[in-house]
Number of protein chains: 2
Amino acid sequence: MPLDDRSTYVLKAIVFSYIKTAFPVGSQSITRSFDMGVSPATIRNIMADLEAQGFLMQPHPSAGRIPTEKGYRFYVDHLFQHAGLLNDRDEMLGQAEHLVQRETIQALLQDTSKLLSGVSQYLAVVTAPKFSSTRIKQVEFVRLRKSSVMAVCISQDGFIQNKFFEVPEDLSQKDLNKIADTLNGLYSGLTLQEIRQKLLKQMQKMKDLYDHLLHEVLELTRRTFIDGSPGGVDAELYMDGASHMLDLPDFADFRVMKGLLSAFEEKEVIVQLLDKYIGTEGVQVYIGSENPFLGDHHCSLVVSHYKRGDQILGTVGILGPTRMEYSKIIPLVDSTAKKVSRLLEESSMEEKSSLGEN
Amino acid sequence: MPLDDRSTYVLKAIVFSYIKTAFPVGSQSITRSFDMGVSPATIRNIMADLEAQGFLMQPHPSAGRIPTEKGYRFYVDHLFQHAGLLNDRDEMLGQAEHLVQRETIQALLQDTSKLLSGVSQYLAVVTAPKFSSTRIKQVEFVRLRKSSVMAVCISQDGFIQNKFFEVPEDLSQKDLNKIADTLNGLYSGLTLQEIRQKLLKQMQKMKDLYDHLLHEVLELTRRTFIDGSPGGVDAELYMDGASHMLDLPDFADFRVMKGLLSAFEEKEVIVQLLDKYIGTEGVQVYIGSENPFLGDHHCSLVVSHYKRGDQILGTVGILGPTRMEYSKIIPLVDSTAKKVSRLLEESSMEEKSSLGEN
DNA sequence: ACTGGCACTCTGATTATGAGAGTGCTAAGA
DNA sequence: TCTTAGCACTCTCATAATCAGAGTGCCAGT
């Protein structure tokens, strides 16, 4: 059964109030704060109903109500209906505009993470583009020592990755430069996918015909782009603001706090968490046990993606307690993701015009 | 007045016991644990003396004693005299041997930090070599866009840094390669200091004589090595194990914990702290308010340095509560620093033999 | 110089108490 | 039928009270 208008309002008022104060909300405090023209007793009846339907719960028999995860979910889903309950979100909306162009995408993402955590006072998480999904702009090889080579791969988004490998035969830096030159001519502008395909075809064709340089090019291409992921970890993660979490009453329990902090040190867990939801458009909100990790740590996650053109590159998000200020955070994450996308777009415009002039 | 033998023993026993249990130590518990052939009353007298001399204090009038910072200092300074009090350190000593050769010094240092924090259960801090003090092995330039260039600098220790800058005139990747080639011929194997000197001399000489390539070489050299520090931050920091600190009763106070965590997020504070004591040989221990930062956060710091030849490259250390297990941590930090130095030494041997064969 | 004994002090845990907040229920009113 | 006022009930949280335990300092005796 869908909720009638008044119940909806009461539920949202309770969630709103609990998010603000972290105290269980009683019937009286609602009539005081949201003058609805009804008495506390009426509110009590409504609250009893809402509890029966699983939107609210009581931490102990004679306390006020607090939202359940289902309650938060409803609140978030109907967030932008009663404008009166979220008049304070504008203050954050403009913050994303402070982001500016940087030399590399890594630097930009680091700024983004710092900004998000500073503004939100929660934990910010930002992932770098999966290297495998970006377009390669250029590769350079650097000879480290005998038969040990480093490849520096630069994507069109200004994403830089190093990869190390051994080569069977010793190559001088001159050789490497020549190889890089040829390689760039062949593969620049393609994605890993495309490179892989092209490479396979070319290797087929060249199998018998022996050309030393081309052989090396193909071999190093394979080493650089196909064998494993460049640099070991494919997805880098930027995280800031963990210390803010200590201020929240939600994590007053030491064990919870401890678990959370340990999890933050294992960045891979977080990367997995974020990767899981890549691919969907716009801002998304995951509340508590809608995801096992979040549930275990009494957390919620608000994420969006930044992209170039229509290709999703990475994730921008905020992780906070279930009792998070969704009404502020959702617009913040949204505007930030868009701003990052716009900056990337602009830098790639600049790129193109520069290529034109060249 | 110097302490007599028995007082010394009692003091060390108290520190030892307090480090183990975190409870104030009473006279009786000493006679029980360290059968010294005297009664608690005697111990009490000795303790009263030690307190008068500032080695001990009572958290409240009728509790046992806990060490003051002066007490810890004495304990650490005389740590290796009564072997009986530190029979348990061997278990950690071997751990540093698990470190192995990695492709870059960065990767090795990251391993080191993880190992230290894992073994010690405190916070590990490791700084990368100051780029300015290492020998340059090779530089490559990569054209990012019109008049925007990235320099990849590789030091002889396998330390890699990127630096970005604008150049007034557009240079193709071919130009850049040629420039890099010449530059490497001129400056490879020198430190920043040496490069700076050589560069100044050369610029003087070439002032009138106009050679385009050489001009570019000198200009890019200046940009790469002289203007500011490469990559912005000169000293990178690796830090692991912050969550372990939550387990310690020493940080049960929320404000202390919070302050500490915030400090950890501002890595620069920590870098400064570590840099301050660079230059001294061997393991060093800084206890509490011997340094303002440590004092503020009830912490101590055990550091040593790793080097190549006789040049100090960076710092390896452990930060923990003043009530830290010095007897285990000091040997651990010592052996780790030595192991890292050895690994670097070996890799530079390999280097040389490879150069010889080339 | 050391020790046993004793009075004294302070903490920390446990228990008791009471105000406050909130509920559910019932019965009366619109 | 929906709403409301009133009331008894329950539970928490803060404060106070009590008490065992641990430790000290000091004194007198060995």
Side-chain angles (χ1 to χ4, degrees), chain A residues 1 3-11 13-18 20-68 71 249-250 252-253, chain B residues 1 3-11 13-18 20-68 71 249-250 252-253:
Chain A
M1 73 223 99
L3 294 177
D4 64 61
D5 229 40
R6 199 173 57 181
S7 302
T8 304
Y9 191 83
V10 169
L11 174 52
I14 291 172
V15 178
F16 178 78
S17 166
Y18 184 66
K20 252 210 165 116
T21 65
F23 287 111
V25 185
S27 54
Q28 215 175 130
S29 88
I30 294 209
T31 56
R32 265 201 300 272
S33 312
F34 302 90
D35 182 25
M36 298 176 56
V38 292
S39 78
T42 310
I43 303 290
R44 278 207 285 283
N45 290 329
I46 299 174
M47 285 163 87
D49 284 356
L50 287 171
E51 180 167 0
Q53 291 170 77
F55 291 109
L56 298 176
M57 59 176 285
Q58 290 178 287
H60 59 86
S62 86
R65 258 68 171 209
I66 64 178
T68 60
D250 312 70
D253 184 342
Chain B
M1 75 218 98
L3 294 177
D4 63 60
D5 228 40
R6 199 171 59 181
S7 304
T8 304
Y9 191 82
V10 170
L11 174 52
I14 290 173
V15 179
F16 178 78
S17 167
Y18 184 66
K20 251 211 165 116
T21 65
F23 287 111
V25 184
S27 53
Q28 214 175 133
S29 87
I30 293 208
T31 57
R32 265 201 299 272
S33 312
F34 301 90
D35 182 26
M36 299 176 56
V38 291
S39 79
T42 310
I43 302 288
R44 279 206 286 283
N45 290 328
I46 299 173
M47 284 164 90
D49 284 355
L50 287 170
E51 180 167 0
Q53 291 170 75
F55 291 109
L56 297 177
M57 60 175 285
Q58 289 179 286
H60 60 85
S62 84
R65 258 70 170 209
I66 64 177
T68 60
D250 310 72
D253 183 345

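In the text below, chain A, chain B and the rest are named by the order of the sequence lines, each starting its count at 1.
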Self-check item: Minimum-distance nucleotide to V38(A) side chain [options: dT12(D), dT3(C), dT4(D)]
Solution: dT4(D)
Quiz prompt | pair L50(B)-R65(B): side-chain heavy atoms closer than 4.5 Å | solution = no
Quiz prompt | Under the side-chain contact (heavy atoms from CB on, under 4.5 Å) test, residues paired with A41(A) that sit two or more places apart | solution = S39(A), R44(A)
Quiz prompt | Atom-pair distance (CZ on F23(B); P on dG21(D)), nearest Å | solution = 17 Å
Practice problem: Identify, with sequence neighbours excluded, every residue that meets side chain to side chain donor-acceptor pair (under 3.5 Å) alongside Q58(B). | Solution: none
Quiz item: Taking only side-chain nitrogens and oxygens of S39(A), does any of them come within less than 4.0 Å of OP1 or OP2 of dT3(D)?
Solution: no
Self-check item: Which residues share a side-chain contact (heavy atoms from CB on, under 4.5 Å) with P61(A), sequence neighbours left out
Solution: none
Exercise. Could you encode protein contacts along nucleotides 18-30 of chain C as a string, one character per nucleotide from 5' to 3', using B for base contact, S for sugar-phosphate-only contact and - for no contact, with a heavy-atom cut-off of under 4.0 Å?
Key: ---BSBBB-----
Quiz item: Taking only residues two or more places apart in sequence or in another chain, which ones pass side chain to side chain donor-acceptor pair (under 3.5 Å) with S7(B)?
Solution: D4(B)
Exercise. Provide, to the nearest angstrom, the distance between the NE2 atom belonging to H60(B) and the C1' atom belonging to dC8(C).
Key: 14 Å
Quiz item: What residues, two or more places apart in sequence or in another chain, satisfy side-chain contact (heavy atoms from CB on, under 4.5 Å) together with A252(B)?
Solution: none
